[in-house]
*Asks:* 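Take this structure, written in C-alpha cells, and hold onto it; I'll ask about it next.
Order of the sequence lines fixes the chain letters, A, B, ..., with proteins taken first and strands second; residue numbering starts at 1 for each chain.
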Amino acid sequence: MFAIGVIGFISRRNLIVMFLCTELMFQGVAINLIAFGRYHGNFAGQAFVIFVLVIAAAEASLALGLVVLLFRQKNTLDADAWRELKG
Amino acid sequence: MPTAELLSPILIMVLCVIAGLGTIMLLPGKHEIAFHRIGGVILAAAGLIFVAMLPKLAVGNGQPTTAIYFWIFSAIGLVGAIRVVTHPRPVYSALYFVLTVFATAGLFVLLEAEFVAAALVLIYAGAILVTYVFVIMLASQAGPDDKPTVAQKMIDYDRVSKEPLAAAAIGFALMGVLLFLIFDRAAGLAPPAGVALPPSGASADVVTVNAPGITQQLGLFLFRNQLVQLELAGLILTIAMVGAIVISRRQVFVAGRISTAGETVIGPATPIDDNPHSIPVYGTDNPRQKSYPQN
C-alpha cells in the first residue's frame, strides 16, 4: 500500500491527488505499526499510530490550505504549473 | 536458518514486474479503455498468483475466521488503494480512499486495536475526507471569469499521468525488496509472542478496574508513559489550525492600500470607547474596511 502511494505521488499531476496518496502511505505505515505493536504485546504501536494520525490531520489541514492558496493564484491544480519554482 | 523457503526471490521479482506493468497500463493515460482493462486483468492476475503462492501463511495463527477476514479486508484495501491512484477523477479517488480507510479500520479491529480503528474512521473518513472533498469541489468549479477551457485543461491533466514508468518502477522495486525482506526474515520468526496483549491488568497497579478493555489500557498507557508527547500533539494541532487559517484567509483590508497613497490606517477605524454601541459587531461602518477585493 505504501508502494502504491509512492507511485501515485510521483505519477499524478493533480496536487490534491498527490496529497491523497501521501495519506495512503500513512495508512500502510499505520497498519505496520499496529501489527508490530500487537506482535510485541505492548501499546507503543497503537500510541504511535495515534500520534501519526494527529500529525496527519495537521498536515492535511495545512496542505489543503496551501492548495487552496495556490489554486487561487493560478486557477489550476496542475503541479507542472509551478514549474517556475525550479531554479 | 530454518528457511521454509516461502517464496523464491526470483518469483517475487517476476511478480513485481508483472504487477508494475499492470499498474502502468492502469494509470490514466491517453489510451483507450481496453488498454486499461488489460492492465487491470494483468494486475489482478499477479495478485491472485501471489495469493495462491502463500497458502502456508496462516495469518490468523490457526483461527480460520480471522484469516478470512484478514484476506477480505486487505483485498478491499489494496483494490481501493490502486483505484485511488489510478482513477482519473479526483472525487472518485477520494471516495475510494474512504473505502481503503474502512478496510484499514477493519484490519485494525482484527489486530485488537479498536480505539485506533474508531479514531481512524472518525478522523480520516470523517474529517480529512470531508476537507478533501470540499477542496476538490472548490477547486473544480470554474472561476467566475474564465472560460470552460479551464475545466477542459483540468480534465486533461487529470487524464494524463506523469512519468508512469518511472513511478511504477520505483514503487514496485521498493515493494519487491520489502517483500523479499519480509519473506526472508519471517521464516525464522516465532509466532506472535503474546496474543496476550497484557490482559493481565496486574501491571496496572493503581486502579485495577476489573478486566480493563483495550481502549482503557491504551488510555492508561498514553497518559502514563506518553504524557509529554500527548501535550505536544495538542500543541501541534493548535498550531496547525492557526496556520491553516492564516494561510487560507483572504486579505480583507486591501482597499486601504489602493486608495490615497500616504494615508495609513492604524488601528481600528471606529474608535473604541466605552459606549457598547460603538463597538463594531459584524463588520464596521467604515466602507473602507467593509470592501472586499474585487478580483
*Asks:* Measure distances from L120(B) to the heavy atoms of chain A and classify the residue's part below 4.5 Å as side chain, backbone, both or neither.
*Replies:*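 L120(B) touches chain A through backbone and side-chain heavy atoms alike.
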*Asks:* For A127(B), is it the side chain, the backbone, both, or neither that has a heavy atom closer than 4.5 Å to a heavy atom of chain A?
*Replies:*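 The answer is neither part of A127(B).
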*Asks:* Measuring heavy-atom distances to chain A, does V101(B) have an atom under 4.5 Å in its side chain, in its backbone, in both, or in neither?
*Replies:*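 Both parts, backbone and side chain.
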*Asks:* Can you give me the closest heavy-atom contact between A57(A) and I128(B), atom names plus distance?
*Replies:*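 Here A57(A) and I128(B) meet closest at CA-CD1, 3.9 Å.
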*Asks:* List in chain and number order the residues that pass side chain to side chain contact (heavy atoms under 4.5 Å, CB included) with L230(B), two or more places apart in sequence or in another chain; answer none if no residue qualifies.
*Replies:*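 Listed in chain order: F51(A), L222(B), F223(B).
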*Asks:* T131(B): which residues meet the side chain to side chain contact (heavy atoms under 4.5 Å, CB included) condition with it, sequence neighbours left out?
*Replies:*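 Per chain and number, T131(B) pairs via side chain to side chain contact (heavy atoms under 4.5 Å, CB included) with L64(A).
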*Asks:* Rounded to the nearest 0.5 Å, how far apart are CD1 of I236(B) and CD of E59(A)?
*Replies:*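 Rounded to the nearest 0.5 Å, the CD1-CD separation comes out at 12.5 Å.
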*Asks:* Among A240(B), G234(B), A119(B), which residue has the highest count of heavy-atom pairs closer than 4.5 Å to chain A?
*Replies:*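 Answer, by heavy-atom pair count under 4.5 Å with chain A: A240(B).
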*Asks:* If you count heavy-atom pairs under 4.5 Å between each of L62(A), I50(A), V49(A) and chain B, which one has the most?
*Replies:*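 Most heavy-atom pairs under 4.5 Å with chain B: L62(A).
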